[in-house]
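Below is one structure, written out as C-alpha cells, with a few remarks after it.
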Amino acid sequence: MVSINVSAAGKPISLARGLPMVVELSGKQLEDATIADVKSAITEKYPRFYLERQKITLKDSKNVLADDITLKVAGVAEGGELSVKDLGPQVSWKTVFLVEYAGPLFIHPVIYYFPKLFYGGPVQHSMLQRYVLAFVMLHFAKRELETLFVHRFSHATMPLTNIFKNSAHYHLGSGLALAYSIYSPVYGAASPYIRGTARNDPLYIQAGAAIWLFSEISNLITHIKLRALRPAGSRKRAIPRGYGFNLVSFPNYFFEFLGWLVIAALTGSYTAWIFLVISTYQMYVWAIKKHLGYRKEFGSDYPRDRKAMFPFLA
C-alpha cells in the first residue's frame, strides 16, 4: 500500500473542505500507482470534486502531473505530499465542438430562408448564394460528424466558460456575420454586383466548388490519418506522414484555410475576407505552437524541411 498526503494548492477548495487528507492506495506501489489513482481517491471522498476539475502538482510546484505518470516517475516518495487545485466547472471537448458547429448550421438557413425578417423583404437568391449555403451547411455537418466519429481528444475537458468564448467565433463570425452579409440583396440574382458578372457564371462558381470540395475531402483525410496515430484512450503521439503531412505539419489547417478562401474569393465579401484572416491567423498560431512541439518531442527524427501550415512557406 502507498500513502500520500494531499493538500489544497493556495486557497481552500470549497468542494473538498476536509483537505489536507491522506490518500491510501491499497495494493499499489510507487512504481505502479498513478496520478489518476490519486485523483480517483480524492473523488471517492469528495464526489463533487470530480477528476476533470483536479490539477495535481508536486508540493510548491506549478507543473501539472499527467494522469498516467506513476508516483515514482513524478518523484513522490512514500508519505510524500502532492497539491491539488480546483480548475472549476468543466465541459467535454466533444460537447464544445458540437455546440460551436451547431450555431452556423442553425443561423445560415434561418437567414437564407427568412430574408424578410432580416432585410425587410424577399431576396431572389443567386446561384452564388445557393452554393455558399451548400458549402457552409456541408462543412459544418462534416465537422459535427467528425466530432462524433473521428476526432480523438488529448484532453477530456476544458473550463465551462470556454464554451462561450469558442462558440462566439463560429456563431458570430462564420454564422451571423457571414450569413447576414452573403444572403443579403447585394448578392441576390437581381443585384448589379452579381448580374452579368463572373459571380453569376456557372463555370466560375463550379470551378470554385471543385476546389472547395477538394479542400473538404482533403481535410477529412488528414483528420482520419491523425486519428489513426492515436489509439483509443491513449495520449500516444507519432510523426504523421503521407497526404499533405510530408509538406507541412498541419495540412488539416491548410485545407481548412483553402476552403474558406474559396468562399471569400467567389463572393468578394468583406465579411468573408475578415473571417478568413482571423481564422487563418488563429490556425497559424496553433500550427506554429504544435509544430515546435513536434520538433522538441521527436528531435532529429522529425523532418527538418517540413513547414508548419503553408507548403514551402511557413
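Atoms considered below: every heavy atom in the structure, side chains included; atoms not considered: hydrogens, waters and symmetry mates.
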Hydrophobic cluster of [X], others only, ordered by chain and residue number, side-chain cut-off 4.5 Å:
X: Ile274; value: Ile278
X: Leu203; value: none
X: Tyr281; value: Val285
X: Leu98; value: Leu145, Leu148, Phe149

- Item | side-chain hydrogen bond (donor to acceptor under 3.5 Å, both in side chains) between Tyr243 and Thr222, intermediate numbers included | CA-CA 7 Å; Tyr243 203 87; Thr222 57; over 6 Å; no

Would you list the atom pairs, donor with acceptor, under 3.5 Å between side chains in residues 306-314 and any protein atom, with sequence neighbours excluded?
unit_1	atom_1	unit_2	atom_2	d
Arg306	NE	Phe245	O	2.6
Arg306	NH1	Pro240	O	2.9
Arg306	NH1	Phe245	O	3.3
Arg306	NH1	Tyr302	OH	3.4
Arg306	NH2	Pro240	O	3.3
Arg306	NH2	Phe245	O	3.2

Below 30° counts as parallel, above 60° as perpendicular, anything between as tilted: where do the rings of [X] and [Y] land?
X: Tyr180; Y: Phe118; result: perpendicular
X: His108; Y: Tyr183; result: perpendicular
X: Trp212; Y: Phe135; result: parallel

- Could you check Phe255 against Ile217 for side chain to side chain contact (heavy atoms under 4.5 Å, CB included), going step by step and ending with a plain yes or no? CA-CA 9 Å; Phe255 292 126; Ile217 293 175; over 6 Å; no

At their closest point, which heavy atom of [X] faces which heavy atom of [Y], and how far apart are they?
X: Pro104; Y: Ser174; value: CG-OG, 3.8 Å
X: Thr267; Y: Ala272; value: OG1-CB, 4.0 Å
X: Val186; Y: Ser191; value: O-OG, 2.6 Å
X: Leu133; Y: Pro109; value: CD1-N, 4.3 Å
X: Ile239; Y: Pro303; value: CG2-CD, 4.2 Å

Mind checking what makes side chain to side chain donor-acceptor pair (under 3.5 Å) contact with [X], not counting sequence neighbours?
X: Ser167; value: none
X: Lys94; value: none
X: Asn252; value: none
X: Thr271; value: none

Is the shortest side-chain heavy-atom distance between [X] and [Y] below 4.5 Å?
X: Leu178; Y: Trp260; answer: yes
X: Leu176; Y: Ile111; answer: yes
X: Ile4; Y: Leu71; answer: yes
X: Leu128; Y: Asn200; answer: no
X: Val64; Y: Ile56; answer: no

For residues 23-32, run the donor-acceptor check on the side chains, cut-off 3.5 Å, and write out each pair with its distance to 0.1 Å, sequence neighbours left out.
unit_1	atom_1	unit_2	atom_2	d
Asp32	OD1	Gln29	N	2.7

- Aromatic centroids of Phe257 and Tyr284 separated by under 6.0 Å: no

- What about the rings of Tyr253 and Phe250, do their centers lie closer together than 6.0 Å? yes

- Message: Run Leu51 and Ser40 through side chain to side chain contact (heavy atoms under 4.5 Å, CB included) and show every step you take.
- Response: CA-CA 7 Å; Leu51 276 68; Ser40 296; 3.9 Å; yes

- Query: Looking just at side-chain N and O atoms, do Asp37 and Thr34 make a donor-acceptor pair shorter than 3.5 Å?
  - Reply: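 On atom types as modelled, these side chains qualify, holding a pair under 3.5 Å.
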
- Quick one: salt bridge (charged side-chain N to carboxylate O under 4.0 Å, His left out) pairs with a partner in residues 75-93, sequence neighbours left out?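 Sorted pair list: Arg53-Asp86, Lys59-Glu81.
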
- Which salt bridge (charged side-chain N to carboxylate O under 4.0 Å, His left out) pairs, counting each pair once, include a residue from residues 244-260, with sequence neighbours left out? Arg143-Glu256

- Query: If you draw a 6.0 Å radius around CZ in Phe298, do more than 12 non-hydrogen atoms from other residues or ligands fall strictly inside?
  - Reply: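 Yes - once you tally the heavy atoms of other residues, nucleotides and ligands closer than 6.0 Å, there are more than 12.
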
- Please step through side-chain hydrogen bond (donor to acceptor under 3.5 Å, both in side chains) for the pair Thr157 and Ser92, ending with a clear verdict. CA-CA 4 Å; Thr157 65; Ser92 73; over 6 Å; no

- Message: Go through it in stages, so that I can follow the logic: the residues are Tyr193 and Thr197, the test is side chain to side chain contact (heavy atoms under 4.5 Å, CB included), and I'd like the CA-CA distance, side-chain angles, deciding distance and then a yes or no.
- Response: CA-CA 7 Å; Tyr193 183 75; Thr197 71; over 6 Å; no

- Please step through side-chain hydrogen bond (donor to acceptor under 3.5 Å, both in side chains) for the pair Gln54 and Thr43, ending with a clear verdict. CA-CA 9 Å; Gln54 300 174 32; Thr43 299; 2.9 Å; yes

- Message: Set out, in order, the CA-CA distance, both residues' side-chain angles and the distance that settles side chain to side chain contact (heavy atoms under 4.5 Å, CB included) for Leu19 and Ser7, then state yes or no.
- Response: CA-CA 6 Å; Leu19 292 176; Ser7 59; 5.8 Å; no

